Amino acid sequence: MNIEYLKNILLKENHTIVIYKSNASVVVSDDRGVAPLMKLLNEDKEQLRDSMIADKVIGKAAALLMVYGKVKEVFTPTISVPAIEVFKNHNVKITYDKIVERIINRKGDGLCPIETLCLNTDNPEEAFFKVNEFIKKT
């Protein structure tokens, strides 16, 4: 299994995320945002250890969550500058098509709320707990 295979599934089948888990299973999701990642992390974060992920959009929050799960390689068509820094700081291999300054909300009139939560942290565990609390309140 390689990241190109996941990239092809992501783009050709128009999913939001494709994950090759460490147990050799492939998970696809069409859920938006970080919901698929949070579901797996809450079930058992160890299932993401050494996994590969193809994700439609990756901002700092998603990058921190992936690092929290100990993902080893990532592809995305769109990545934010802070997300690249997170991956570089944690030695996660990344490939991407386009870099953006920040991830914007779905309305297009401001920063993504999950991104806002994680602006001032570089700690993957803290990001996980912040996102979890935010999701519980919404």
Side-chain angles (χ1 to χ4, degrees):
M1 182 66 58
N2 62 35
I3 202 73
E4 279 298 312
Y5 178 77
L6 301 181
K7 174 182 174 179
N8 286 334
I9 294 172
L10 179 81
L11 299 176
K12 288 184 178 166
E13 297 179 18
N14 203 31
H15 296 294
T16 56
I17 192 168
V18 181
I19 303 168
Y20 178 73
K21 297 192 319 184
S22 54
N23 67 0
S25 65
V26 175
V27 174
V28 298
S29 179
D30 298 323
D31 291 343
R32 297 167 79 171
V34 296
L37 277 176
M38 291 303 294
K39 181 177 186 277
L40 292 171
L41 289 168
N42 278 309
E43 286 172 359
D44 176 12
K45 80 173 190 169
E46 286 301 308
Q47 65 184 317
L48 289 179
R49 180 181 292 278
D50 297 327
S51 64
M52 292 184 286
I53 295 180
D55 193 340
K56 208 167 225 174
V57 176
I58 298 177
K60 183 177 182 182
L64 286 166
L65 294 173
M66 290 176 193
V67 167
Y68 179 69
K70 302 202 182 325
V71 170
K72 74 172 184 179
E73 187 174 0
V74 174
F75 162 78
T76 184
T78 304
I79 192 167
S80 71
V81 172
I84 291 172
E85 288 305 310
V86 168
F87 287 138
K88 285 183 179 177
N89 291 340
H90 293 275
N91 300 312
V92 175
K93 184 177 179 186
I94 54 170
T95 51
Y96 50 86
D97 294 332
K98 179 174 87 173
I99 301 173
V100 295
E101 203 56 42
R102 299 268 187 216
I103 304 302
I104 357 206
N105 64 24
R106 292 185 181 120
K107 287 184 185 176
D109 62 359
L111 206 56
C112 165
I114 301 291
E115 207 67 359
T116 303
L117 278 178
C118 297
L119 275 181
N120 297 318
T121 186
D122 292 316
N123 181 312
E125 186 174 23
E126 181 183 346
F128 171 74
F129 288 112
K130 282 184 171 189
V131 173
N132 235 357
E133 285 304 309
F134 178 81
I135 289 172
K136 285 178 188 173
K137 291 176 186 174
T138 57

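Numbering of residues begins at 1 and proceeds along the displayed sequence. What you see is a predicted model, and the numbers here were worked out from it, not measured in a lab.
Residues forming a salt bridge (Lys or Arg N to Asp or Glu O under 4.0 Å) with Arg49 (at least two apart in sequence, or on another chain): Glu46.
Val131 and Leu40 fall within the same hydrophobic cluster, where Ile, Leu, Val, Met, Phe, Trp and Tyr residues are linked whenever their side-chain heavy atoms come under 4.5 Å apart, directly or through other members. Residues Met1 and Val28 share a hydrophobic cluster, clusters being chains of Ile/Leu/Val/Met/Phe/Trp/Tyr side chains in contact below 4.5 Å. Val57 and Ile114 fall into different hydrophobic clusters, where Ile, Leu, Val, Met, Phe, Trp and Tyr are joined by side-chain heavy atoms under 4.5 Å apart, directly or via other members.
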Do Lys56 and Asn14 pass the side-chain contact (heavy atoms from CB on, under 4.5 Å) test, and can you show the C-alpha distance, the side-chain angles, and the key distance before you say yes or no?
CA-CA 9 Å; Lys56 208 167 225 174; Asn14 203 31; 2.7 Å; yes
Val74 and Tyr96: CA distance, side-chain angles, deciding distance, side-chain contact (heavy atoms from CB on, under 4.5 Å) verdict:
CA-CA 8 Å; Val74 174; Tyr96 50 86; over 6 Å; no
Output, in order, the C-alpha distance, side-chain angles, deciding distance and verdict of side-chain contact (heavy atoms from CB on, under 4.5 Å) for Phe128 and Met38.
CA-CA 8 Å; Phe128 171 74; Met38 291 303 294; 3.6 Å; yes
What do the steps show when you test Ile58 against Thr78 for side-chain contact (heavy atoms from CB on, under 4.5 Å), and what is the final call?
CA-CA 6 Å; Ile58 298 177; Thr78 304; over 6 Å; no
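Distance CG/Leu117 to CZ/Phe129: 14.5 Å, rounded to 0.5 Å. From Met66, atom CE reaches atom CE of Met52 across 13.5 Å, with rounding to the nearest 0.5 Å. Between Ile17 atom CD1 and Leu6 atom CG the span is 10.0 Å, to the nearest 0.5 Å. From Lys130, atom NZ reaches atom CD of Glu126 across 4.5 Å, with rounding to the nearest 0.5 Å. Rounding to the nearest 0.5 Å gives a distance of 12.0 Å between CD1 of Ile19 and CD1 of Ile9. Note that CG of Leu48 is 13.0 Å distant from NZ of Lys72, once rounded to the nearest 0.5 Å.
There is no side-chain donor-acceptor pair under 3.5 Å between Asn2 and Lys7.
Residue pairs satisfying the side-chain hydrogen bond (donor to acceptor under 3.5 Å, both in side chains) criterion with at least one member in residues 98-111, sequence neighbours excluded, are listed as follows: Asn105-Asp109.
Under the 3.5 Å distance criterion, the side-chain polar atoms of Thr16 are matched with a main-chain donor or acceptor of Asp31. Here the side chain of Thr138 pairs a donor or acceptor atom with the backbone of Ile135 at under 3.5 angstrom. Panel note: side chain Ser25, backbone Lys21; no donor-acceptor pair is recorded below 3.5 Å.
Salt bridge annotation for Glu133-Lys137: absent, with no cationic side-chain nitrogen under 4.0 angstrom from a carboxylate oxygen. Under 4.0 Å is where a charged nitrogen must lie from a carboxylate oxygen, and between Lys60 and Asp122 at least one such pair does.
Scanning all heavy atoms of the two residues, the minimum distance from Pro113 to Phe134 falls at CB-CZ, 3.9 Å. In this structure, Pro77 and Leu11 approach most closely via the heavy-atom pair CG-CD2, 3.9 Å. Across all their heavy atoms, Glu125 and Asn123 have their closest contact at N-OD1, 2.8 Å. Between Gly59 and Ile103 the shortest heavy-atom distance is CA-CG1, 3.4 Å.
If you run side-chain contact (heavy atoms from CB on, under 4.5 Å) between Leu10 and each of Thr76, Ile53, Asp55, Val18, only Val18 comes through.
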Please set out all donor-acceptor pairs under 3.5 angstrom arising from side-chain atoms of residues 79-94, sequence neighbours excluded.
| unit_1 | atom_1 | unit_2 | atom_2 | d |
| --- | --- | --- | --- | --- |
| Ser80 | OG | Ala83 | N | 3.3 |
| Asn89 | ND2 | Glu85 | O | 3.2 |

